[in-house]
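Below is one structure, written out as structure tokens; comments come after it.
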2 protein chains.
Amino acid sequence: MNIVKCVSEKSEDKIREAAKRVFLKKGFDGTTSRDIAKEADMNIALTNYYFRSKEKLFMEIFKDLMEMYFQSIILILNKPIDIKTKISEVVENNYQMMKQEPDLVIFIMNEIHKEPERLLVKTALYHQLKSTLFNQQLDEGIETGKLRPIRIESILPLMTSCIEFLFLGKEMHQKIFNMSEAEFEAFSESHKDHVKAMICNYLILED
Amino acid sequence: MNIVKCVSEKSEDKIREAAKRVFLKKGFDGTTSRDIAKEADMNIALTNYYFRSKEKLFMEIFKDLMEMYFQSIILILNKPIDIKTKISEVVENNYQMMKQEPDLVIFIMNEIHKEPERLLVKTALYHQLKSTLFNQQLDEGIETGKLRPIRIESILPLMTSCIEFLFLGKEMHQKIFNMSEAEFEAFSESHKDHVKAMICNYLILED
DNA sequence: GAATATTTTAAACGATTGTTTAAAATATTC
DNA sequence: GAATATTTTAAACAATCGTTTAAAATATTC
């Protein structure tokens with residue numbers, strides 16, 4: 001999953017990709033049309049020529065990023081593997097994504113926070129999540145007493161929040177705990193393993 | 001802990017409190033000097049008269065909020081109570097804070113993310129955290145085999161991330177799971193209890 | 001209560017914002 | 001290869017940005 005590094009020859013794509021990089025780093029408010037033009041190495045009028053406005057360009061990019069973020073999770077939730085492995089994979093996937101694109105989640109959260117009604121369009125996500133194989137496995141496990149009764153609404157945030165929050169506040173955590181880049185890397189790796197174990201420990205009841 | 005509702009008569013304070021409200025809602029980039037003046041119901045020149053610049057005013061407010069955020073946690077970490085109760089209290093405190101001031105954490109995270117070197121000044125937080133009673137209890141518990149060997153660097157984010165992340169993405173979670181305000185309230189309450197139990201479950205080894 | 005110091009005001013400053021224009025450059029069509 | 005369509009350009013647009021000014025209003029001092 002490489003978000004921003006691909007380079008197309010077409011001007012429209014160059015602008016879209018440049019805009020994605022700048023928006024992810026600076027947010028909508030912090031990004032100027034000239035920032036995008038400069039990053040794309042294109043004339044400033046081309047943004048509006050191809051996308052009509054900064055707003056339209058942003059909406060297109062935001063929608064793509066949201067889609068990509070959720071679909072990668074849903075893909076794993078539907079894999080035909082046991083629930084313990086599945087939890088590990090979701091956490092692992094989350095970890096790799098945050099390492100590769102540390103700006104993504106804070107960007108999404110912050111933009112939604114500023115204008116939720118504009119950005120949260122009608123979505124089939126609820127139904128998609130409820131009908132995953134993961135949710136079936138959860139229901140069955142709870143029924144047979146092998147799993148602690150927790151709804152998917154709780155389990156899903158648990159699997160993502162611990163890792164995402166660590167990277168969301170990466171600079172802060174590094175500063176507070178005096179960690180170098182390498183130390184944070186090692187620390188986050190061990191933290192990830194704690195998270196996997198902790199969730200499985202809690203959800204899966206011993207028999 | 002009431003952050004933004006107090007009303008002072010002094011113009012300087014009225015501006016500071018209005019600025020705090022607007023900054024928390026819109027962030028530094030999204031806030032204009034005129035927004036602040038309007039919220040404070042004051043002439044626009046007064047911001048610079050009292051604080052020299054929007055930047056200086058922001059820095060003052062940001063520093064205060066950071067301080068307040070961390071000191072409330074450290075206070076609990078130093079309470080003379082057993083570690084299980086302490087974990088519950090930290091999570092509970094975190095939950096109440098997010099309910100009362102849902103904008104605080106996303107604001108802090110986002111501003112630091114945009115300009116970490118400017119906002120993360122030298123701090124004694126590391127030493128403060130390491131010398132808490134909680135850290136002593138942690139060391140002792142690990143030594144005597146009653147606690148799983150986890151560093152405070154991992155435990156602390158675990159205690160805050162699950163709750164904060166839920167509220168950070170409150171609008172998103174509400175939308176995805178079709179929750180009304182009341183349903184989210186009930187959900188977050190039960191989620192909070194899961195988090196308390198899960199962390200204690202993992203950290204505290206049965207004998 | 002006149003003189004001084006402080007606070008508040010309306011108006012304007014130059015810089016930057018998102019966007020548009022109309023001409024120039026390039027590509028495509030027949 | 002002339003005619004047409006598309007893409008790119010430099011320049012400008014009005015609006016808004018953070019900030020400053022200098023005068024007016026108010027408070028304080030003696």
Side-chain angles (χ1 to χ4, degrees), chain A residues 6-65 107 110-115 117-119, chain B residues 6-65 107 110-115 117-119:
Chain A
C6 46
V7 172
S8 168
E9 294 304 311
K10 286 167 68 183
S11 294
E12 186 178 335
D13 295 335
K14 278 174 73 175
I15 292 171
R16 198 197 323 274
E17 286 151 21
K20 198 182 280 184
R21 284 193 295 273
V22 184
F23 277 140
L24 274 171
K25 187 139 292 185
K26 304 192 184 189
F28 182 78
D29 289 333
T31 300
T32 72
S33 300
R34 284 161 185 84
D35 286 340
I36 298 172
K38 197 172 183 186
E39 173 78 19
D41 199 24
M42 305 247 100
N43 186 281
I44 201 217
L46 288 179
T47 299
N48 286 51
Y49 177 73
Y50 283 110
F51 299 96
R52 289 183 57 199
S53 71
K54 175 190 167 190
E55 170 88 12
K56 291 251 177 25
L57 172 55
F58 173 80
M59 287 301 279
E60 194 171 299
I61 289 171
F62 185 84
K63 208 181 141 197
D64 280 358
L65 289 175
F107 168 76
N110 195 52
E111 296 298 336
I112 290 180
H113 174 256
K114 279 187 301 183
E115 295 195 59
E117 60 289 334
R118 182 184 60 145
L119 297 178
Chain B
C6 46
V7 171
S8 168
E9 293 304 313
K10 285 168 69 183
S11 295
E12 185 177 334
D13 294 335
K14 277 174 74 176
I15 293 171
R16 199 198 322 277
E17 284 150 23
K20 199 182 279 185
R21 285 193 295 272
V22 185
F23 278 139
L24 274 171
K25 187 140 289 181
K26 304 192 183 188
F28 182 78
D29 290 333
T31 299
T32 71
S33 300
R34 283 162 186 82
D35 287 339
I36 297 172
K38 197 173 182 184
E39 173 78 20
D41 198 25
M42 303 248 100
N43 186 280
I44 200 211
L46 288 179
T47 299
N48 285 50
Y49 176 73
Y50 284 111
F51 300 96
R52 292 184 54 199
S53 72
K54 175 188 168 193
E55 169 89 12
K56 290 251 175 28
L57 172 55
F58 173 81
M59 288 300 279
E60 193 173 316
I61 290 171
F62 185 84
K63 206 181 143 197
D64 280 357
L65 290 175
F107 168 77
N110 196 52
E111 297 298 335
I112 290 180
H113 175 256
K114 279 187 300 181
E115 295 194 59
E117 59 290 332
R118 183 184 59 144
L119 298 179

### Query
Between C/dG18 atom P and A/Lys56 atom NZ, what is the distance in whole Å?
15 Å
### Message
Requiring both pairing distances under 3.5 angstrom, list the stems that contain DNA chain D and are made of three or more consecutive Watson-Crick or G-U pairs.
### Response
C:1-30 with D:1-30
### Query
If we only count heavy atoms from C-beta on, is the B/Met59 to B/Leu119 side-chain gap below 4.5 Å?
yes
### Message
Strictly below 4.0 Å: does A/Ser11 bring a side-chain N or O up to OP1 or OP2 of D/dT8?
### Response
yes
### Query
For A/Lys54, which residues count as a salt bridge (charged side-chain N to carboxylate O under 4.0 Å, His left out) partner, sequence neighbours excluded?
none
### Query
Is any side-chain heavy atom of B/Phe28 less than 4.5 Å from a side-chain heavy atom of B/Ile61?
no
### Query
Do you know the tightest heavy-atom contact between B/Phe51 and B/Lys56?
O-CB, 3.2 Å
### Query
Do B/Tyr50 and B/Asp13 have side-chain heavy atoms sitting under 4.5 Å apart?
no
### Summary
A/Lys14 atom NZ is separated from D/dT7 atom C1', nearest whole Å, by 13 Å
### Task
Starting at atom CZ of A/Phe51, determine the distance to atom P of C/dG18, rounded to an integer number of angstrom.
16 Å
### Query
Are any of the side-chain heavy atoms of A/Leu46 and A/Glu12 separated by less than 4.5 Å?
no
### Query
Can you check whether A/Lys114 reaches A/Asp29 side chain to side chain, under 4.5 Å on heavy atoms?
yes
### Task
Rounded to the nearest angstrom, tell me the gap between atom NZ in A/Lys10 and atom C1' in D/dT8.
16 Å
Report all interatomic pairs (protein N or O, nucleotide N or O of nucleotides 19-28 of chain D) with separations under 3.5 Å.
unit_1, atom_1, unit_2, atom_2, d
D/dT19, OP2, B/Lys54, N, 2.7
D/dT19, O5', B/Asn48, ND2, 3.4

### Query
A/Tyr50 near the nucleic acid: base, sugar-phosphate alone, or nothing, with a heavy-atom cut-off under 4.0 Å?
sugar-phosphate
### Task
Using a strict 4.0 Å threshold on nitrogen-to-oxygen distance, state whether A/Arg118 and A/Glu55 make a salt bridge.
yes
### Task
Would you kindly give the CG-to-P distance between B/Leu46 and C/dT6, to the nearest whole Å?
16 Å
### Task
Report the distance from atom CE of A/Met42 to atom C1' of D/dA10, rounded to the nearest whole Å.
15 Å
### Query
How close or far is atom P of C/dT7 from atom CD1 of B/Ile15, stated in whole angstroms?
11 Å
### Query
Is the ring centre of A/Phe23 less than 6.0 Å from the ring centre of A/Phe107?
no
### Message
Can you measure A/Asp35 atom CG to C/dT17 atom C1' for me and round it to whole angstrom units?
### Response
11 Å
